[in-house]
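For the numbers below, each heavy atom of this structure counts, side chains included, while hydrogens, waters and symmetry mates do not. What you see is a predicted model, and the numbers here were worked out from it, not measured in a lab. Below, read A as the first sequence line, B as the second, and so on, with proteins coming before strands; counting in each chain starts at 1.
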Amino acid sequence: MPELPEVETIRRGISPHVLEQTVARVVVRQSRLRWPVPSDLEQRLVGKKVVEVGRRAKYLLLRIGDGWLLIHLGMSGSLRIVEEATEAGRHDHIDIVFVNGRCLRLNDPRRFGAMLWVGRHPDRHPLLARLGPEPFSDDFDGAMLYDKSRGRRLAVKNFIMDQRVVVGIGNIYASEALFRAGIHPARAAGHISLARYVDVVHAVREVLGDAIEAGGTTLRDFTDENGRPGYFRQQLLVYGREGQPCGSCGRPIRCKTIGQRSSYFCAHCQR
DNA sequence: CTTTACGCCTGACGGC
DNA sequence: TGCCGTCAGGCGTAAA
């Protein structure tokens, strides 16, 4: 489900509710996520205070005491802030209950998400060690994309969705960014000029920034910490709009499978 | 090294 | 009404 704007929306939403809060107990109703939830998670967290709520790529990183809780939401995960007495619903797998009676609750129907404990700073954790730059960092620029793509024949859409190249872009924002940059998503990554990769960088930052401002994109079930949807769906220019007229040229938007994922584009405006 | 295909899961939806 | 195939915002792994 969530790409960078949705994870960032959740990070900002939960931060004021969990920062400086001390963990009272942890309830694990389902430990079989992408990887097993550590069986000693509760003993690691109880009595410790949340001192930082960070994000790296699509991972949430909660510094609790002197270690880090690493959360990934996979395709269908969400986090809510609820009173601890709130009855758990279907797929409410984990509660982190604080001494103030509030609770951070993970719901994930498909269980592609993860909750792991990392004792040291997670930068060199295997899941994070090989990640590319954050899209809003200075390390993400046209020259870097150009250099990394030379000799590569995969579609540019798959290239920018590769988290080792740049983090945070998933299936929605890859289509949206390439539309804004005027580049056909199936074009070979290695056959794109430096100037056009500069455009890609601007388009990526623009679309991710706009989406964060709108609180993310809700297609079916994304919600923030209060259960409210994000409103960027109204601003999607191509994603999910097959057959509808392109806002720029009026020709119908097309949908094609590229790398096993639905990809939306305008064949006239994107070359 | 690169590229491709496949699981992992549940739920929603469309066609019959 | 039910059943069955397809698809869904991710990503690690195996295979070629």
Side-chain angles (χ1 to χ4, degrees), chain A residues 1-11 29-37 55-60 70-79 89-94 106-116 125-132 135 147-178 185-191 204 207-208 211-212 214-224 229-236 238-242 255-264:
Chain A
M1 163 172 63
E3 303 181 38
L4 187 146
E6 291 73 39
V7 178
E8 180 61 20
T9 296
I10 291 171
R11 189 193 69 77
R29 301 183 192 81
Q30 169 63 272
S31 63
R32 300 186 58 180
L33 304 185
R34 175 89 201 231
W35 296 281
V37 177
R55 177 189 59 72
R56 173 75 173 105
K58 302 174 190 173
Y59 294 87
L60 284 167
L70 184 155
I71 302 171
H72 196 283
L73 297 172
M75 287 278 268
S76 59
S78 61
L79 290 170
R90 192 161 168 73
H91 308 304
D92 283 338
H93 303 317
I94 300 174
L106 173 74
N107 180 287
D108 186 0
R110 295 176 73 177
R111 288 190 270 129
F112 290 172
M115 189 176 285
L116 299 171
H125 187 280
L127 288 171
L128 306 192
R130 295 168 147 175
L131 292 173
D147 290 344
K148 273 197 173 179
S149 62
R150 289 312 90 182
R152 300 199 57 183
R153 293 180 303 186
L154 84 169
V156 62
K157 174 168 177 268
N158 297 327
F159 178 67
I160 64 170
M161 287 175 67
D162 183 341
Q163 303 299 297
R164 292 166 298 188
V165 172
V166 56
V167 302
I169 304 170
N171 203 38
I172 295 179
Y173 298 112
S175 281
E176 292 296 311
L178 290 172
R187 177 172 285 272
H191 291 174
V204 164
V207 72
L208 296 181
I212 291 169
T217 300
T218 299
L219 287 183
R220 33 193 320 153
D221 52 14
F222 168 73
T223 62
D224 67 11
Y231 296 100
F232 193 71
R233 185 178 189 173
Q234 301 161 237
Q235 296 178 59
L236 295 177
V238 289
Y239 190 89
R241 292 188 177 275
E242 185 180 16
C255 177
K256 185 180 171 215
T257 300
I258 301 171
Q260 289 87 243
R261 310 295 297 275
S262 292
S263 309
Y264 297 86

Across the strands shown, which category fits A/Ser262 at heavy-atom distances under 4.0 angstrom: base, sugar-phosphate, nothing? sugar-phosphate
**Study point:** Pairwise P distance for B/dA5 and C/dC7, with rounding to whole Å
**Key:** 15 Å
#### Entry: Side-chain heavy atoms of A/Val7 within contact of A/Leu60, under 4.5 Å
yes
- [ ] Respond yes when some side-chain nitrogen or oxygen of A/Arg111 is under 4.0 Å from OP1 or OP2 of B/dT10, and no when none is.
- [x] yes
Among the nucleotides C/dG10, B/dC9, C/dC7, whichever has the atom closest to the side chain of A/Asn171 is C/dG10
When rounded to whole Å, the CZ to P distance for the pair A/Arg233 and C/dA8 reads 13 Å
For this session: May I ask you to evaluate whether A/Arg90 reaches the phosphate of B/dT10, defined as a side-chain N or O under 4.0 Å from OP1 or OP2?
Result: no
inquiry  = Would you say A/Arg152 places a side-chain N or O within less than 4.0 Å of OP1 or OP2 belonging to B/dT3?
reply    = yes
Just wondering, more than 12 heavy atoms not from A/Arg150 lying within 6.0 Å of its CZ?
-> yes
Next on the checklist: Does the structure show A/Phe112 stacking with C/dG10, if we require the centres to be closer than 5.5 Å and the planes to be within less than 30 degrees of parallel?
Outcome noted: yes
Any base atoms under 4.0 Å from A/Leu219, or only sugar-phosphate, or nothing? Heavy atoms, all strands.
base
Note on DNA chain B: ranges paired as stems (three or more Watson-Crick/G-U pairs in a row, both atom distances under 3.5 Å) are B:2-8 with C:10-16, B:10-16 with C:2-8
When rounded to whole Å, the CD1 to P distance for the pair A/Ile172 and C/dG9 reads 7 Å
The contact string for nucleotides 11-16 of chain C, one letter per nucleotide 5' to 3', using protein heavy atoms under 4.0 Å with B, S and - for base, sugar-phosphate only and none, comes out as BS----
A/Ser76 side chain N/O closer than 4.0 Å to the phosphate oxygens (OP1, OP2) of B/dC9?
no
### Message
Quick check on C/dG9: is either OP1 or OP2 less than 4.0 Å from any side-chain nitrogen or oxygen of A/Tyr173?
### Response
no
- [ ] Just say parallel, tilted or perpendicular for the rings of A/Tyr173 and A/Phe232, cut-offs at 30° and 60°.
- [x] tilted
A/Asp108 CG to B/dG11 P, in whole Å, measures 11 Å
From CG of A/Leu154 across to P of B/dT4 the rounded distance in Å is 7 Å
Separation of B/dT2 atom C1' from A/Arg130 atom CZ, nearest Å, is 14 Å
### Query
Which part of the nucleic acid, if any, lies within contact of A/Arg32, taking any heavy atom under 4.0 Å across all strands shown: a base, the sugar-phosphate backbone alone, or nothing?
sugar-phosphate
From CE of A/Met75 across to P of B/dG11 the rounded distance in Å is 15 Å
Rounded to whole Å, CD of A/Glu242 lies from P of C/dA8 at a distance of 11 Å
Atom CG of A/Asn158 and atom C1' of B/dA5 are separated, to the nearest Å, by 12 Å
Flag yes if more than 12 heavy atoms outside A/Arg29 fall under 6.0 Å of its CZ atom; otherwise flag no. yes
- Query: Does A/Arg220 make a side-chain donor-acceptor contact with the base of B/dA12, cut-off 3.5 Å?
  - Reply: no
